[in-house]
Amino acid sequence: MTMNIQELKSKHKTLKVFNYKLGNIDKGYNKRTLYINLSNNDIKEKPVSDQMIDKFTGGKGFDMRLLWDAVNENTKWYDPENEICMATGPLGGNTNYPGSGKTIVVTLSPMTGIPIDSNVGGHFGPFLKFSGFDALEIQGKANNDVIIYIDGNNGNIKIFEAPLEAHDSHILAEQLHDMFADNEREKQHISVVSAGSAAEHCYLGMLNFSFWDRAKKLPRLKQAGRGGIGHVFRNKKIKALVVKYSGLKADLNNPVDMKTLKETGLKLHRQINKLDSSQFTMREVGTANIVSVMNDYDLLPTKNFKYGSDPQANKVDKKVLKTLFTQGAADGCWFGCSLHCAKAVDNFIPRTGPYKGTSVTVDGPEYETVGGCASNLYIWDAKDCVEINFYCDTYGIDTISFGSTVAFLMECFEYGILTKDMTEGLDLTWGNADSALEILHQMSRGQGFGLKVGKGTRWLKNWLINEHNADAAFLKDIAMEVKGLEYSEYVSKESLAQQGGYTFALKGPQHDEAWLIFMDMVNNSMPTFEMKAEALHYFPMFRTWFGLQGLCKLIWNDTIPEGNKDTPEPAKVMEHVHNYHKIYTAITGKFMDTDSMILQSERVYTFQKIFNLRMGGGKRSDDHPPYRAVGPVTEEEYLSRQERYDKQLKEEVGVDPSNMTLQEKMSALKKHRMDKYEVLTDTVYKRKGWDKNGVPTLEHLKRIDMELPELIDVVEKVRVKN
Amino acid sequence: MKYLKGNSDLCTGCLACADACSELFFKEKNIQKSCIRINQNDNKNNIIVCNQCGKCMPLCPTQALSYNSQGVVILDKNECSGCLICVAECPCACMHYLVEENAPFKCIACGICVKKCPVSALELIKE
C-alpha cells in the first residue's frame with residue numbers, strides 16, 4: 001500500500017499551471033476568490049465586490065453566492081456546472097480566538113438536490129485564505145483523476161493527473177503531506193482535502209480535511225460530512241486538493257485592533273484551562289462527553305430512534321472512550337484553538353477489511369458517530385464503533401448518514417420488510433457490527449448491497465415501497481430523513497421545538513441550526529408556540545453566523561463562563577456573544593452587535609431558502625417530519641414509555657386513556673402531536689418572514705435589504721405556482 | 001535542569017532585575033518587557049519567574065516550545081503561531097506577551113538578573 005513518492009510523481013501529468021500575484025489580506029478579506037474549471041482547466045481570479053461583502057459576509061455566504069451564479073434551476077448534482085465551493089470567513093484563520101479555523105463547503109447535494117453546507121475543521125480554508133483567496137469554486141469535470149495544488153507562498157496553482165496515489169484518505173493524505181513538504185517541519189504547513197474509495201460509489205460520500213499533527217507525525221482528518229459532497233468531489237474526478245502555506249502568524253488577517261483580539265482570545269483560553277475539566281471535559285473526550293447525558297434524558301437514539309436510552313449505553317460512554325483516546329495532546333483542529341476537542345484513538349488495529357492488522361490513528365468517535373454507529377445500531381462494543389468510524393473516514397462516508405441509514409435497514413430487517421434475499425446475504429440483525437462493516441467494505445469496492453445502502457435512506461425507502469411492496473405509510477414513519485438527508489443523532493420526540501429545529505433546517509435535519517431540546521423539554525423555558533418560534537428564529541440565525549465567519553460553534557457553549565447561569569438568558573451565553581462582537585470589530589473594523597449578527601445571517605439564510613425554492617425544494621411539504629421524530633410509531637415504542645404518553649393524553653389532549661385501546665391511544669397521541677407540529681410550522685414561518693407555504697415574503701426581503709432581482713424572480717414564480 | 005529561583009523575603013522591589021532583563025531582550029527598561037516580574041501586594045515583593053516546569057509545552061499547537069539541553073524551556077519564535085495558549089496554560093503566569101509581537105516571551109535562565117540583584121534575592125539553580 002505504501003509507495004515511493006518518486007514513483008507516484010513519475011506518473012503525474014501536468015494539465016495546467018497558473019501563476020498569480022500574492023496579495024495582502026486587509027481586515028479579514030483578500031477581496032478575491034479562485035475559480036477552477038476541470039472540464040477545460042480554466043483557472044482565474046474573481047474580484048469580491050463591496051456588495052458581495054455587505055450581503056453575503058463570507059464563508060457560507062460567499063459559497064452560496066458563487067454556487068447560485070454557477071447553476072440554473074435545472075442543474076443536477078452530477079452536471080458539470082455544479083460546483084464545490086469552499087471558504088473560511090473574515091474571522092477565519094485568526095490564531096487568537098479559539099475555534100477560528102473552519103471551512104464551509106457547499107454544493108448541490110446528491111441526496112437532496114438542493115444546496116448542502118458543511119462546516120469542517122482542518123487547515124485548508126485558512127491556508128487557502130492566506131494563499132490569497134477568500135473562497136474557492138471548482139466547476140466542471142476532469143477526464144481522469146486529478147489533484148489541484150495551490151502553493152500559497154510562491155503564487156502558483158497546478159492541476160495534474162495523479163493515477164497512482166491512494167484513494168483512501170488516511171493513506172492519501174499522508175502521501176500528499178510527504179510529497180509537498182520539503183522537510184518534516186513543512187508538513188504542518190500543508191492541508192489536504194480528499195474523499196475516499198467509497199465516496200466514489202455512494203451518495204453518502206464526504207470530504208476529509210487534513211491537519212498535520214506534529215506530535216503524532218501523521219495527518220489528522222476532520223470531516224465535511226453531510227449531504228454527499230465527497231460524492232460530487234469524486235464525480236468531478238478530483239482525487240485531492242492540496243494547499244501549502246508557510247509563515248503562519250497571528251496578524252495575517254491584518255486586523256485593526258490586535259490588542260482586543262489577543263485579550264479576548266486569551267481570556268477564553270484561560271477560561272477553558274480553568275473550567276473545562278469540571279464542565280464538559282472536551283479536552284479529555286471531545287463531543288462524546290454527552291453520550292451518557294443524552295442517555296440519561298432519553299435522547300440517545302437506539303434502534304433507529306425508536307428509544308432514547310439503553311442500559312448498555314455505559315459501554316460506549318465517555319468513561320470507556322477516555323480509555324481509548326490519547327490524553328494530554330494538542331488536539332486543536334486549528335492553531336490557537338485551546339478547546340482541543342479533536343480526540344483520536346491511536347494505534348488502533350482494525351479487525352476487518354483491507355487495513356486489518358495495521359496500526360492506524362482514528363479521529364473520533366465524536367458524539368454523532370457514537371449515536372449513529374453504536375447506539376442507533378444497537379452496537380455496544382466501543383471498538384466496533386471506532387472501527388466503523390475509521391472505515392467511514394478513510395473510505396469517505398458520513399458517519400451520521402451511514403448510522404441513520406443502517407439503523408433504518410436494521411429495523412426493516414427486524415420486521416421482515418428487508419430479508420437476506422434482498423441484502424445479498426447480509427444479516428442485519430440489531431447489533432451486527434460485522435454486517436455494518438461489510439456494508440462499508442462493499443461501498444468501498446463498489447459492489448453488492450452496500451451500493452444500495454450508499455444511496456441513503458430516502459432511496460432505500462422508495463426501493464422497498466416500489467420494488468418490494470413494503471408498507472409505504474409505515475416506512476414513511478420510520479425512515480429518518482427529511483428533504484433526502486438523514487437525521488443527526490438526537491431523539492426529538494419530546495421536544496416540539498427540536499422537531500422544528502430539525503425539519504426547518506434548510507439543508508435537511510441537522511442540529512447545527514438549532515439544538516433546543518434542553519431549553520424546551522428539560523427546562524420548559526419556552527412553553528408557547530410564539531416562544532418556540534422566537535427560539536427557532538434566533539438560534540438558527542445566531543448559529544448561521546459561525547458559518548459566515550469561519551468559526552466553530554463549539555466554542556460558544558461547550559465552555560460556559562462563570563456567572564452565566566445568573567444572566568437573563570443563560571442559553572444564549574451572552575458573554576461569549578459579546579466576545580464575537582469584539583473580535584469581529586477587532587478584525588474587520590466594522591461595528592457589530594447582536595442585531596447586526598442576526599441581520600447578516602438572515603440575508604444569507606434567506607438567500608439559501610430561496611435557492612432551495614429555485615431548485616424545486618423549500619416547500620412546506622419538504623419540512624414534514626417522519627412520525628418517528630415526533631412520537632411513538634410502534635406499539636412496543638408506545639408501551640415502553642406508556643406512563644409518559646398516557647399522562648400527556650390525559651393532561652394535554654383531555655381524554656381518559658384508561659378507556660382506550662392501545663391503537664386508539666396511539667392515534668390520539670399522533671393526531672395531537674402532528675396538530676401541534678402544524679401550528680408550530682405556521683408560527684415559525686411567520687416569525688422567519690415566510691408565508692404559509694414557506695416562501696419568504698417580499699416585505700421580508702425588503703426588511704433585510706435583499707431585494708435582489710434574482711431572488712424576487714424566484715419568489716414570484718413560486719407564488720404563481722402556489 | 002537549569003532555572004531561576006527567587007527569594008521573595010529578600011526582595012526589595014527595586015526592579016533592577018526587570019530592567020536588566022528587558023534591556024537585554026528589548027533594549028529598553030520596561031517592566032512590561034521583562035521576563036521576571038515583581039508582584040507587589042500585602043507589603044511583600046513576590047518574584048514571578050519561570051521555573052521551567054514545562055507545562056506550557058504539550059498544548060502548543062506548533063510544538064514551538066521545547067526543552068534545550070540544559071533543561072530550559074525555549075520558544076522557537078519562527079514556529080510560533082502567536083495563539084497565546086501557552087500564556088493561558090502557564091501555572092505561574094510567567095509566559096508574557098506584547099500586542100505588537102507575534103510570539104510571547106519567557107525566562108531562559110540566562111542569569112543576567114541574578115548578577116544585577118543588589119540583595120542576592122535571585123539564584124540560578126543547576127541540577
Side-chain angles (χ1 to χ4, degrees), chain A residues 93-98 100-101 123 126 130 184-189 211-217 246-253 255 257-274 276 283 326-340 342 586, chain B residues 22 25-26 28 30-35 37 39 46 48-69 73-107:
Chain A
N94 89 74
T95 59
N96 287 109
Y97 199 77
S100 296
H123 294 172
F130 299 141
E184 185 64 26
R185 283 272 184 196
E186 264 199 355
K187 288 181 182 175
Q188 196 168 11
H189 305 144
F211 68 96
W212 186 259
D213 187 322
R214 279 176 76 159
K216 298 185 201 299
K217 295 188 174 18
S246 303
L248 182 69
K249 298 290 174 210
D251 61 357
L252 290 183
N253 273 316
D257 180 3
M258 201 67 213
K259 182 170 184 287
T260 299
L261 187 57
K262 282 192 171 182
E263 286 173 355
T264 312
L266 183 54
K267 187 178 175 201
L268 190 55
H269 287 324
R270 287 186 165 131
Q271 179 187 305
I272 291 168
N273 169 283
K274 183 177 176 189
D276 179 62
R283 283 181 166 188
T326 301
Q327 296 294 304
D331 281 326
C333 73
W334 173 242
F335 304 92
C337 186
S338 49
L339 198 60
H340 296 302
Chain B
S22 65
F25 286 97
F26 292 96
E28 63 176 295
N30 182 345
I31 183 88
Q32 296 306 318
K33 295 184 176 181
S34 168
C35 303
R37 305 288 169 96
N39 192 354
N46 294 303
I48 311 291
V49 70
C50 178
N51 61 6
Q52 315 299 340
C53 73
K55 287 184 180 165
C56 53
M57 286 163 39
L59 295 189
C60 173
T62 62
Q63 290 202 314
L65 290 154
S66 59
Y67 278 121
N68 70 8
S69 58
V73 177
I74 300 293
L75 172 64
D76 182 341
K77 291 190 178 186
N78 292 325
E79 294 296 324
C80 178
S81 69
C83 70
L84 307 184
I85 289 175
C86 55
V87 177
E89 292 296 318
C90 177
C92 57
C94 299
M95 187 70 81
H96 307 288
Y97 76 99
L98 298 166
V99 169
E100 63 274 20
E101 297 275 333
N102 178 67
F105 58 98
K106 67 175 293 297
C107 172

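Chain A is the first sequence line, chain B the second, and so forth, proteins listed ahead of strands; every chain is numbered from 1. Computed from a prediction, not measured in an experiment: that's the story for all the values here. Atom set for the values below is all heavy atoms of this structure, side chains included, hydrogens, waters and symmetry mates excluded.
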Report, by ascending residue number, the residues of residues 328-337 of chain A in heavy-atom contact with chain B at a distance under 4.5 Å; give 'none' if the set is empty. A:Gly328, A:Ala329, A:Ala330, A:Phe335, A:Gly336, A:Cys337

Could you tell me whether A:Lys274 atom NZ has more than 12 heavy atoms of other residues or ligands within 6.0 Å of it? no

With rounding to the nearest 0.5 angstrom, report the CZ to CD1 distance, A:Arg270 to B:Ile85. 12.5 Å

Nearest 0.5 Å, please: how far is NZ in B:Lys77 from NZ in A:Lys249? 10.0 Å

One thing to verify: whether A:Arg283 and B:Glu89 come together as a salt bridge, which I'm taking to mean a side-chain N less than 4.0 angstrom from a carboxylate O. yes

I'd like a table of donor-acceptor pairs (distance under 3.5 Å, sequence neighbours excluded) in which one partner is a side-chain atom from residues 48-64 of chain B, with atom names and distances.
{"from": "B:Asn51", "atom 1": "OD1", "to": "B:Cys53", "atom 2": "N", "distance (Å)": "3.1"}
{"from": "B:Gln52", "atom 1": "OE1", "to": "B:Val73", "atom 2": "N", "distance (Å)": "2.9"}
{"from": "B:Gln52", "atom 1": "OE1", "to": "B:Lys106", "atom 2": "NZ", "distance (Å)": "3.0"}
{"from": "B:Gln52", "atom 1": "NE2", "to": "B:Cys107", "atom 2": "O", "distance (Å)": "3.2"}
{"from": "B:Thr62", "atom 1": "OG1", "to": "B:Glu79", "atom 2": "O", "distance (Å)": "3.0"}

Per the side-chain contact (heavy atoms from CB on, under 4.5 Å) rule, which among A:Leu266, A:Asn94, A:Thr95 passes with B:Cys83? A:Thr95

For A:Gln271, which atoms come within 4.5 Å of any heavy atom of chain B: side chain, backbone, both, or neither? neither

For the candidates B:Cys80, B:Ala88, B:Ala103, B:Gly82, which exhibits the highest count of non-hydrogen atom pairs separated by less than 4.5 Å from chain A? B:Ala88

Taking all atoms of both residues into account, what is the closest heavy-atom pair of A:Lys262 and B:Leu98, and its distance? NZ-O, 3.0 Å

Contacts of A:Lys267 that satisfy side-chain contact (heavy atoms from CB on, under 4.5 Å) - sequence neighbours left out: A:Glu575

For B:Asn102, all residues meeting side-chain hydrogen bond (donor to acceptor under 3.5 Å, both in side chains), sequence neighbours excluded: none

